[in-house]
Amino acid sequence: MPGFAWRPIPGNHHREHFDYSLGLILHVATGGNNSLHGWFSNPAAEASSHWWVGWNHDQAEQYLDPEWDVSWAQAGGNDTYHSVETAGNPDQPLTEAQCANIARIYAWGHARFGWPFRLAEHPGEPGFGWHGMGGADWGGHFDCPGELRKSQRPHILDLAQAGSFDSEENDLTPEQDQMLRNLCNVVFGSGIDRPYDNLPPTDVGNAARWAAKHHFDELSAIQEVGASVKSITDRLERIESRLDAKGQA
């Protein structure tokens, strides 16, 4: 898989050629931003996934051959779906870099197995599913990967369908990601779901992105600056509107 480090694991899976695959199942590793290679290499784990994606663009690993290896990720769903583990916790949204790397996987699966660009919500449905949808037959992990990450699947499918998964500009930790959301709400107004998707290509936008990534401990100060910038921008717009009105009089 281009963009993924090939780190094969010695066990915790079985060989069986994938004549077909219904889609991809989203998981959450629950923990920090740590590779799962060591744990999946341990026979005691009795678990594995085809891929793991960390918070940043260059933290992406492939553990199994998706043509031949069946992961031990979702019990009763192992033989019919591929699997991807994600760093972080269920109460943290996927970073944009994670979304992009998962989209890369999904685009590959669409080309290779015909995965449709749609959501799967029940076992046996083709598409982009989630671990908990399999219930007890899939290990009883009802809250995996969590509502936040489940809700990001349409965005990932959009990226996969558009082929938009090569940018490294959004390599933020979940905390920085949330900080950027907060900051952009201050600067550009509320209601922005993913601020960096349509971040205005201005110095303010670039400053917001840079500040969120490099000044994590200065959120309150940055927000004050952002509020001041927004206030000034609003006033300039009002002045411009009045000047336009006078010019048309």
Side-chain angles (χ1 to χ4, degrees), residues 1-75 77-89 94-115 117 127-131 139 144-145 149 152-153 156-157 159-174:
M1 174 72 62
F4 281 70
W6 171 234
R7 303 190 68 191
I9 56 176
N12 291 328
H13 65 281
H14 60 274
R15 298 279 285 177
E16 180 181 326
H17 186 258
F18 268 99
D19 294 319
Y20 77 99
S21 170
L22 292 177
L24 182 67
I25 301 301
L26 183 65
H27 297 253
V28 60
T30 306
N33 191 33
N34 301 311
S35 167
L36 294 179
H37 182 265
W39 175 238
F40 285 162
S41 297
N42 185 342
E46 297 185 345
S48 64
S49 65
H50 289 96
W51 299 278
W52 170 84
V53 294
W55 292 337
N56 295 324
H57 191 86
D58 61 354
Q59 293 175 308
E61 298 179 349
Q62 179 177 328
Y63 304 132
L64 301 174
D65 181 347
E67 297 278 355
W68 283 94
D69 296 333
V70 176
S71 69
W72 294 355
Q74 56 261 348
N78 288 337
D79 291 331
T80 49
Y81 293 92
H82 285 74
S83 57
V84 57
E85 282 281 3
T86 57
N89 294 301
L94 295 164
T95 67
E96 193 66 8
Q98 285 180 300
C99 291
N101 276 327
I102 298 169
R104 184 188 301 277
I105 297 169
Y106 206 92
W108 170 86
H110 173 74
R112 173 62 183 86
F113 292 106
W115 295 349
F117 293 115
F128 192 10
W130 53 287
H131 190 185
C144 179
R149 297 183 177 216
Q152 291 176 279
R153 288 178 298 151
I156 294 170
L157 290 178
L159 293 177
Q161 193 162 11
S164 303
F165 38 73
D166 288 323
S167 174
E168 298 185 24
E169 64 183 1
N170 295 311
D171 285 357
L172 305 179
T173 67

In terms of heavy-atom contacts, Phe128 and Leu24 come closest through CD1-O, 3.4 Å
May I ask you to decide if the ring planes of Phe117 and Tyr106 are parallel, tilted or perpendicular, using 30° and 60° as cut-offs? tilted
Check for a donor-acceptor pair, side chain of Ser83 on one end and backbone N or O of His50 on the other, with a separation under 3.5 Å. yes
For the residue pair Gln59 / Asn33, report whether a side-chain donor-acceptor contact shorter than 3.5 Å exists. yes
Interatomic distance, Arg15 atom CZ to Glu67 atom CD [nearest 0.5 angstrom]: 10.5 Å
Distance, nearest 0.5 Å, that separates NE2 of His110 from CD1 of Ile105: 16.0 Å
Could you tell me how the ring of Trp72 sits relative to the ring of His14: parallel (under 30°), tilted (30 to 60°) or perpendicular (over 60°)? tilted
What's the verdict on side-chain contact (heavy atoms from CB on, under 4.5 Å) for His27 and Ile25, showing C-alpha distance, side-chain angles and the deciding distance? CA-CA 7 Å; His27 297 253; Ile25 301 301; 3.5 Å; yes
Distance alone, cut at 3.5 Å: any donor-acceptor contact between the side chains of Gln98 and His57? no
How are the rings of His82 and Trp108 set to each other: parallel, tilted or perpendicular (split at 30° and 60°)? perpendicular
Side-chain contact test, heavy atoms from C-beta onward, threshold under 4.5 Å: evaluate it for Arg153 versus Leu26 and give yes or no. yes
Atom pair CH2 (Trp68) and NE2 (His13), whose distance is rounded to the nearest 0.5 Å: 12.5 Å
Roughly how far, to the nearest 0.5 Å, is CD1 of Ile9 from CH2 of Trp39? 12.0 Å
Short side-chain to backbone donor-acceptor contact, Asn12 and Phe40, under 3.5 Å: yes
Please name the pair of heavy atoms, one in Asn89 and one in Gly31, separated by the smallest distance, quoted to 0.1 Å. OD1-N, 3.0 Å
To check you understand the geometry: which heavy-atom pair defines the closest contact between Ser49 and Trp51, and what is its length? OG-O, 2.9 Å
Under 3.5 Å donor-acceptor, Gln152 side chain and Cys99 backbone: no
Where Ala87 and Gly54 come nearest, the two heavy atoms and their spacing: CB-CA, 3.9 Å
Rounded distance [0.5 Å steps], CZ in Arg7 versus CD in Glu61: 4.5 Å
Under 3.5 Å donor-acceptor, Tyr63 side chain and His37 backbone: yes
Which distance, rounded to the nearest 0.5 Å, do you find between the CD1 of Ile102 and the CG of Leu94? 5.0 Å
Is the backbone N or O of Ala29 less than 3.5 Å from a side-chain atom of Glu85, with the two atoms forming a donor-acceptor pair by type? yes
Between Glu16 and Asp79 the two heavy atoms that sit nearest each other are OE1-OD1, 3.9 Å
Applying side-chain contact (heavy atoms from CB on, under 4.5 Å) to Phe18 and Arg112, what does each step give before you reach the verdict? CA-CA 11 Å; Phe18 268 99; Arg112 173 62 183 86; over 6 Å; no
Closest approach of Ala97 and Asn56, non-hydrogen atoms and distance? CB-C, 3.7 Å
For Trp52 and Ser35, which I'm curious about, is there any donor-acceptor pair between the side chains at under 3.5 Å? no
Side chain Thr80, main chain Leu22, donor-acceptor under 3.5 Å: no
